[in-house]
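First the structure, in the form of structure tokens, and then the observations on it.
Sequence lines set the chain letters: A, B, ... in the order given, protein chains first and strands last, and positions in each chain run from 1.
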There are 2 protein chains.
Amino acid sequence: MTASPASPAETDWLHLDRQICFSLHAASRAFNGVYRVILKDLGLTYPQYLVMLVLWEQGDLPVKKLGEHLRLDSGTLSPLVKRLEGAGLVRRERSAQDERSVRVMLTEEGDALRERALQVPRRIMRATGFDLGEIADLRERLDQLTTALDAAALAEAEREAG
Amino acid sequence: MTASPASPAETDWLHLDRQICFSLHAASRAFNGVYRVILKDLGLTYPQYLVMLVLWEQGDLPVKKLGEHLRLDSGTLSPLVKRLEGAGLVRRERSAQDERSVRVMLTEEGDALRERALQVPRRIMRATGFDLGEIADLRERLDQLTTALDAAALAEAEREAG
DNA sequence: CACAATTCAGTTGCGCACAACTAAATGGGT
DNA sequence: ACCCATTTAGTTGTGCGCAACTGAATTGTG
């Protein structure tokens, strides 16, 4: 078999793919792991923390809007919000104007948790070992990747349907 | 509380954190989504594909070694491998030398699937819109991140225990 | 040799992600 | 006014990830 330095041989693509998807998969889980440890103090999981961050920043929101901010659907959010409600951090209230809509509102306790959460981001930053610039750069790449991937997934899905 | 213009005010950290963890979370799910669509042809999920990639590359392996390659424990791997076995892609065989160990081996069908999987990496590459160099660069950053995060999670866990 | 500690696979329980579905409320078109 | 498509939450089922545990086999130590 001859060497092909320009583009990898057919077979090597799988090896490459293994490296790439493993890296992202592992990074995501590692991130999740650090958040899990740090958030244990607050009694939150990582996705629950994401929901709380949105509520602290945006104020009360209907489930639908929450889902748009986080790209999560009701299948994920409904039980998650229910657990936050069980923890006393959040109330749910069906809208009077539109009875389909359910507004998720911070309780006093949920609002108070924000103070304790203020320490989280710096502990995460320290854990990454990255500075602000590196994080911003990584974030930009990831967002770029996400945009491209979402578009591609849509195209693939349509290729199948249409 | 005095203002500190050099670094963001206490409150802004949460906003920043929201952006960062959302970006990684979203990228991971977007990646997963593209793989899901593309792998549907092969009848594999994304983590199942990862396992198959390792087996195609390394040959038969005990569950333990599989877990080391993928950083997954038996709680995740046992049922996953069982499903691969159910799909006829893999056999499990308890080692004669060490009866604790279970060897995961490709069936003929599992080995044959490799041919059809060869098309996957390039479809993924196309979906990302990145070239080889950009992907390699991103991969390097992610690995760097994972290493730092794993070390930090360990340190946090030890801080708690000790 | 005997006994304790360790290793390995598997199970259970919980939470998340997502597809597919249900049910109720709303809004538009005729 | 009526019907129908759409919107919004929620439920169900499947699979992954991880912690905590069980049970069997192996290894190390006295």
Reading nucleotides 18-27 of chain C 5' to 3', which nucleotides get B (base under 4.0 Å from a protein heavy atom), which S (sugar-phosphate only), which -? B------BS-
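The separation between A:Phe22 atom CZ and D:dG17 atom P is 11 Å, rounded to whole Å. Remark: C1' of D:dT26 and CZ of B:Arg94 are 13 Å apart, rounded to the nearest angstrom. Going from atom OH of B:Tyr35 over to atom P of D:dG15 covers 21 Å, rounded to whole Å. Put simply, CG on B:Leu39 is 21 Å from P on D:dT14, counting in whole angstrom units. As a whole-Å value, the separation of B:His25 NE2 from D:dG17 C1' is 13 Å.
A:Ser28 and B:Ser28 form a side-chain donor-acceptor contact under 3.5 Å, judged by distance and modelled atom types alone.
Using a 4.0 Å heavy-atom distance criterion, B:Leu80 is classed as a sugar-phosphate-only contact. A:Thr45 comes within 4.0 angstrom of the backbone, heavy atoms only, and of no base. Using a 4.0 Å heavy-atom criterion, one finds that A:Arg92 contacts the sugar-phosphate atoms exclusively.
Under 4.0 Å is where a charged nitrogen must lie from a carboxylate oxygen, and between B:Arg91 and B:Asp60 no such pair does.
In this structure, the nucleotide among C:dA9, D:dG15, D:dT8 sitting nearest to the side chain of A:Ser101 is D:dT8.
Distance check: A:Lys82 NZ to A:Leu77 CG gives 13.0 Å after rounding to the nearest 0.5 Å. Separating the CE atom in B:Met52 from the CG atom in B:Leu89 is a distance of 4.5 Å, to the nearest 0.5 Å. Note: A:Ile20 CD1 to B:Ile124 CD1 = 9.5 Å, rounded to the nearest 0.5 Å. One finds the OG1 atom of B:Thr107 at 11.0 Å from the CE atom of B:Met105 (value rounded to the nearest 0.5 Å). Rounding to the nearest 0.5 angstrom, the gap separating the CD1 atom in A:Ile38 from the CZ atom in A:Arg122 is 12.0 Å. Atom-to-atom distance recorded for B:Ser74:OG and B:Leu80:CG is 12.0 Å, nearest 0.5 angstrom.
DNA chain D is contacted by A:Pro62, A:Val63, A:Lys64 of residues 46-70 of chain A, taking any non-hydrogen atom closer than 4.0 Å.
Put simply, A:Lys82 has no side-chain N or O that comes within less than 4.0 Å of OP1 or OP2 on D:dG10.
Between A:Tyr35 and A:Tyr46, the two ring planes are parallel [angle under 30°; tilted spans 30° to 60°].
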